[in-house]
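Below: the structure, in structure tokens.
Read the numbers this way: they start at 1 and go in the same order the structure lists the ligands and their atoms. Numbers here are sequence positions counted from 1.
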Amino acid sequence: MEDCIFCKIADGKIPAAKIYEDGKIISFLDIMPANKGHCLIVPKKHAQTLTEMGDEDLAALIKAAKKVASALSLSFGNGSFNIVMNNGKEAGQIVNHAHIHIIPRFQKDRLRLKWSHLKYEGDEIKEYAEKIRKFI
Ligand code: 5GP
Ligand code: ZN
């Protein structure tokens, strides 16, 4: 993907504060962090979202996420972190190359990831489950 910023970082065409790399994955610091130390885990092969990724790349992605999260915790973190993956415009994805965010959390940091809760009416919860199950 010629115009993809994360493909360019994976190819070494533009610089990044790299943390980890293997045959399938690259990880580097987010340039505009939610907290300092905020890391991105990125498959080298371009895919727009999680559902477009191959299973082997996905397995490598989550393994690399664990590795980086452990390193974050051991370096300056405290073992608390959020994993976030924005998939699609409505979910807030800005860079259209699949990636996982790992954000270290600190006491009294200003990051807010809580949402307000809705309620299902009557059998609606069963209907939603049934609709989704049909496509599994
Ligand atoms: P998204 O909303 O797509 O999940 O998040 C994309 C993230 O990529 C943002 O947090 C943004 O700060 C980060 N980002 C965008 N461009 C660059 C870049 O050129 N270098 C790095 N290191 N991070 C970037
Ligand atoms: Zn890309």
(message) For Phe6 and His99, take the angle between the two ring planes, folded into 0 to 90°, and tell me which bin it lands in: parallel under 30, tilted 30 to 60, perpendicular over 60.
(response) perpendicular
(request) Number the atoms of ligand 1 from 1 as they appear, then name those within less than 4.0 Å of a heavy atom of His99, with their elements. (result) 1 (P), 3 (O), 4 (O), 5 (O), 6 (C)
(request) For a side-chain contact (heavy atoms from CB on, under 4.5 Å) with Leu58, tell me which candidate from Met53, Lys24, Lys63 qualifies. (result) Met53
(message) I'd like the atom name of the N/O/S atom in His46 lying closest to the Zn ion (ligand 2).
(response) ND1
(message) Within the 4.0 Å heavy-atom shell around Ile31, which atoms of ligand 1 are there?
(response) 17 (C), 20 (N), 21 (C), 22 (N), 23 (N), 24 (C)
(message) To check your reading of the site, what angle at the Zn ion (ligand 2) do SG of Cys7 and ND1 of His97 form, to 10°?
(response) 110°
(request) Determine whether the side chain, the backbone, both or neither of Leu29 has a heavy atom under 4.0 Å from any heavy atom of ligand 1. (result) backbone
(request) With heavy atoms of Asn86 as the reference, note each atom of ligand 1 found under 4.0 Å away. (result) 1 (P), 2 (O), 4 (O)
(request) Could you list which atoms of ligand 1 come closer than 4.0 Å to a heavy atom of Ile94? (result) 1 (P), 2 (O), 3 (O)
(request) Under 4.0 Å from a heavy atom of Ile5: give me the atoms of ligand 1 that qualify, with their elements. (result) 19 (O)
(request) Report, in ascending order of atom number, the atoms of ligand 1 lying under 4.0 Å from any heavy atom of His101. (result) 1 (P), 4 (O), 5 (O), 7 (C), 10 (O)
(message) Which of the numbered atoms in ligand 1 are under 4.0 angstrom from any heavy atom belonging to Phe6?
(response) 8 (O)
(request) Please say which of Ile83, Asp30, Leu111 ends up in a side-chain contact (heavy atoms from CB on, under 4.5 Å) with Ile103. (result) Leu111
